[in-house]
Structure formats: structure tokens, C-alpha cells
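First up is the structure itself, then whatever we jot down about it.
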Amino acid sequence: MNILQETSPERVFTVGGTCGTEAAPVSYLNNRYDGDIAVIWFDAHADLNSPDTSPSGHFHGMVLRTLLGNGPDVFCENIDRPIISRQVFLAGVRDMDKVEKQYIESSNVTICEIGNDLINQIATSGFSKIYVHIDVDVINPDHFSDSLMPTQGGPSCEQLSECLSELVKRFDIVGVGIVEYCGRQSKSANQISRILIEGGIINDSF
Ligand SMILES: [Mn+2]
């Protein structure tokens, strides 16, 4: 976080770690662009537990809620500027706790289908900048096997890269985070680079 504030980059690309690594870049960019940023959360999970509701107590299941201003104090203290629920677009979510569903119903978080639905929702939301969070567990485990929390269902690698390339064409992507990858085979590292290259993320934006 200190490094981001000192160097003040216009765009941030992060690789690695768990979803917890997203706290610094998202809150930094939200502050830098004055809240004018849609946060697309490609993830099988909503990561919307709070310290009071989390069944596991793992921070990576609370990071989005922390970014929304309601997480463990030690992390919230370091959030530059919390996001508001209208900024959040969950894409590919399919494994949620009951309290997370209740939170979504009581907030302005949007759940989107990966593809045209997501593109249309972002287009009508009016945000001019986009942050793209990719937890690799969003990908169907039949197609990609090296995520930390494999979860049934979800898009193929091609469906994800097609959606990314549409986002790159239409919107200004200022941040990308790739997380929860546990590389056991070089095949999966190649799959990730192919998704980012075919999705146009690496060529055009970063
Ligand atoms: Mn996840």
C-alpha cells in the first residue's frame, strides 16, 4: 500500500497470493479515480463474509467485504477509500454462504452471467474505469485444475478470455489481479497466460 501511494501508478497489475492481495490495489485505485470504477469479481465465491459471519475465519473469504468497509480492523485501517456496493459486479459466483446471499440482497451488489449480461450491466452502470479481479477458481475445474478452491461449474478458459477481450475493447481497464493460482503443472501456467493474451489484457492494457 505504501509503495502504491508513493509511486502513484495509473494502472496496477498484480499476480499471486490469495484474494487478500486485492485489498491494496482496489482501494488505492478507488481512491485515485474518486470512486469512478466498477469492480468485476470473476470468482466462484463472493468473498463477502465479515469477521462476525465467516464460517472459516479465512481473510480471503472476506476481502470484498473489507473493501466495502466492513472487515477485520487491522485491514480496514489500511483501506484508502472503501468502495460502495453499486461498484461491485460478481461474475461466475456459484458457492455462497447464506449470510453472503443476505448481504447481496440487502445491498446494490450485482450478480452477472459471464458474457453479454456482464458487458451490458457494466455499460449501463456508467462507471468509466474497470478493475478486473480474476480468482482462477472461477474457471470450470474440468478445464483448469490448479486453483486453490476448485468449485464445480463455471466457464471454460475460452469463455473467460472472450469475455475479457470484450471488456478490453469497450472499457478502460485500470487494474487486474490474478489470484489463488497454485501452480502444480506448467500446463496451467500456460493456460493462464493464454487467457490473458487472448483476452487482450496483456497486450493492450499492461
Ligand atoms: Mn474464490
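In each ligand, atom 1 is the first atom listed, and ligand 1 is the first ligand listed.
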The Mn ion (ligand 1): protein N, O or S atoms [distance under 2.8 Å]: Asp43 OD1, His45 ND1, Asp135 OD2, Asp137 OD2
According to the interplanar angle, ranging from 0 to 90°, do the rings of Phe144 and Tyr181 count as parallel (below 30°), tilted (30 to 60°) or perpendicular (above 60°)? tilted
Would you please say whether a donor-acceptor pair under 3.5 Å links the side chains of Thr151 and Asp95? no
Output all residues satisfying salt bridge (charged side-chain N to carboxylate O under 4.0 Å, His left out) with Glu166, sequence neighbours left out; order by chain, then residue number. Lys169
Would you call Arg65-Asp52 a salt bridge at under 4.0 Å N-O? no
Hits for salt bridge (charged side-chain N to carboxylate O under 4.0 Å, His left out) against Arg81, two or more places apart or cross-chain, chain-then-number order -> Asp34
side-chain contact (heavy atoms from CB on, under 4.5 Å) against Lys187, all qualifying residues, sequence neighbours excluded: Gln185, Gln191
